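Treat the numbers as computed from the prediction; the structure is a model and nothing was measured. Residue numbers run from 1 in the order of the sequence given.
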Amino acid sequence: MRTRITELFGIEHPIIQGGMHYVGFASLAAAVSNAGGLGLITGLTQRTPELLGQEIAKARDLTDKPFGVNLTFLPTFNAPPYAEYIQVIAENGIRIVETAGRSPEEYMPLFKQAGIKVIHKCTSVRHALKAERIGCDAVSVDGFECGGHPGEDDIPNMILLPLAAEALSVPFVASGGMADGRSLVAALALGADGVNMGTRFVATQDAPVHENVKRALVEATELDTRLVMRPLRNTERVLNNPGVEKIRQIEREKGDAIKIDDIFEQVAGVYPKVMVEGEVDVGAWSCGLVVGLIRDVPTVKELVDRIMNEAEQIITDRLGRSLGATVQNALETA
């Protein structure tokens with residue numbers, strides 16, 4: 001399948017593995033790239049630029065296909081040394097970076113000088129247009145369904161993606177609710193050039209996370225995510241658990257007076273406890289509504305192959321039948 005995204009990044013399938021804290025290590029990124037998609041190493045999971053360089057080297061040993069790095073720009077006074085991370089990314093030959101969080105505008109000259117293609121994660125069309133204006137090569141449009149931070153507008157992908165298609169000139173992928181061939185075909189029909197999957201890739205055999213995490217995702221339903229930190233205007237969609245219920249209780253009690261310090265215990269340092277140690281009830285960890293569609297834990301290759309086979313079948317068979325034999329013949333010979 002060829003789209004503007006496959007052509008931009010030199011990949012076989014229009015499927016991107018989004019950056020995920022304590023999930024996006026070399027092993028998962030390489031598995032996704034080897035399966036024909038675009039794998040991403042999560043840059044800030046590596047505590048220093050030097051460690052990121054080592055992780056990139058590990059991925060190079062595991063794949064000869066294109067892969068990239070996720071770099072999230074955090075709203076913090078003690079910012080990581082972003083320029084040093086970007087230098088390591090460039091020196092190690094990475095030519096694709098997914099940016100997220102705050103605008104990457106300050107660092108776009110460094111990316112451009114290194115010949116790096118940038119895809120920025122956005123939760124609204126206005127932010128996507130800003131990303132296009134500052135020189136991003138593509139955007140990931142994250143609907144309200146997504147795990148992690150969906151923004152504050154609460155617009156689902158059935159509305160957000162067509163609006164993005166009308167407004168943007170650069171290629172974009174759909175993020176949030178993406179799990180299978182149906183998701184991919186729907187995203188393409190709504191104007192996207194591919195999909196970005198996070199939660200679905202966590203529930204794979206290649207994901208380097210504790211088995212308790214994968215089991216929790218398989219057992220959860222579409223009713224088991226919660227939105228937290230909304231009073232702080234830092235909304236995050238997470239999998240419900242006792243730690244999350246504690247956050248929600250504190251939010252109810254504190255109301256508009258809540259501060260991040262009030263829930264620090266339930267949000268700080270949670271990811272290593274969850275992803276490495278398997279303490280899935282300890283606090284808030286990102287999970288999308290797509291968890292309701294996760295029923296197994298395949299290998300990454302099995303998952304990607306299944307998505308592409310299902311998408312092809314939907315396009316050439318189900319949709320072809322509904323359009324008539326003449327159109328179906330045209331699709332089959334295209």
Side chain E152, main chain T235, donor-acceptor under 3.5 Å: yes

If we check salt bridge (charged side-chain N to carboxylate O under 4.0 Å, His left out) with D137, which of these qualifies: K117, R95, K112? K112

Apply side chain to side chain contact (heavy atoms under 4.5 Å, CB included) to residues S124 and I155 and explain how you reach the verdict. CA-CA 8 Å; S124 70; I155 308 299; over 6 Å; no

Closest approach of G243 and N241, non-hydrogen atoms and distance? N-OD1, 2.8 Å

Are R248 and E245 close enough, and set up right, to give a salt bridge (Lys or Arg N to Asp or Glu O under 4.0 Å), and what steps lead you there? CA-CA 5 Å; R248 285 161 57 82; E245 285 302 319; 3.7 Å; yes

What is the ring orientation for F73 with Y82, classed by angle as parallel under 30°, tilted 30 to 60°, or perpendicular over 60°? tilted

For the side chain of S33 and the backbone of G39, is there at least one donor-acceptor N/O pair under 3.5 Å apart? yes

Donor-acceptor pair, distance only, cut-off 3.5 Å: does the side chain of T199 make one with the backbone of G288? yes

Hey, does the side chain of D206 reach the backbone of A31 with a donor-acceptor pair shorter than 3.5 angstrom? no

Residue pair V209 / K214, side-chain heavy-atom distance below 4.5 Å: yes

Nearest heavy-atom pair of G148 and S286: which atoms, and what distance? CA-OG, 3.3 Å

Kindly say whether R306 contributes a backbone atom to a donor-acceptor pair with the side chain of N309 at under 3.5 angstrom? no

Is a side-chain donor or acceptor of E222 paired with a backbone partner of L293 at a separation under 3.5 angstrom? no

Do the side chain of R230 and the main chain of R233 share a donor and acceptor less than 3.5 angstrom apart? no

Quick one: do the N212 and R215 side chains pair a donor with an acceptor below 3.5 Å? yes

Which atom of R4 lies closest to which atom of S169, heavy atoms considered: NH1-O, 2.8 Å

For residues 11-23, dump all side-chain donor-acceptor pairs below 3.5 Å to protein atoms at least two apart in sequence or in another chain.
unit_1, atom_1, unit_2, atom_2, d
Q17, OE1, L40, N, 2.8
Q17, NE2, L40, O, 2.9
H21, ND1, T45, OG1, 2.9

With a 3.5 Å cut-off and sequence neighbours excluded, list the donor-acceptor pairs that the side chains of residues 170-188 form with protein atoms.
unit_1, atom_1, unit_2, atom_2, d
S175, OG, D142, OD1, 3.4
D180, OD1, R182, N, 3.1
D180, OD1, S183, N, 3.0
D180, OD1, S183, OG, 3.1
D180, OD2, R182, NE, 3.2
D180, OD2, R182, NH2, 2.7
S183, OG, G177, O, 3.4
S183, OG, A179, N, 3.0
S183, OG, D180, N, 3.3

C122 and A131 have their tightest heavy-atom pair at SG-CB, 4.2 Å

Heavy-atom pair of closest approach, residues R237 and T225: NH1-OG1, 3.1 Å

Linking I/L/V/M/F/W/Y whenever any side-chain heavy atoms sit under 4.5 Å apart, do F9 and V32 land together? no

Exercise: identify the closest heavy-atom pair between I119 and S140: CG1-N, 3.8 Å

Distance-only donor-acceptor check, side chains N34 and T63, under 3.5 Å: yes

Just so I know, are the side chains of M275 and W285 near enough to count as touching, which here means a heavy-atom distance under 4.5 Å? yes

Rounded to the nearest 0.5 Å, how far apart are CD of E310 and CD1 of I315? 10.5 Å

Linking I/L/V/M/F/W/Y whenever any side-chain heavy atoms sit under 4.5 Å apart, do V244 and I263 land together? yes

Short side-chain to backbone donor-acceptor contact, Q313 and R318, under 3.5 Å: no

Side-chain heavy atoms of L71 within contact of L44, under 4.5 Å: yes

Check whether any side-chain N or O of E98 sits under 3.5 Å from a backbone N or O of G68 as a donor-acceptor pair, and report yes or no. no

Connected via hydrophobic side-chain network under 4.5 Å: I56 and L110: yes

Can you run down the side chain to side chain donor-acceptor pair (under 3.5 Å) pairs that involve residues 252-268, sequence neighbours left out, and say none if there aren't any? Q249-E253

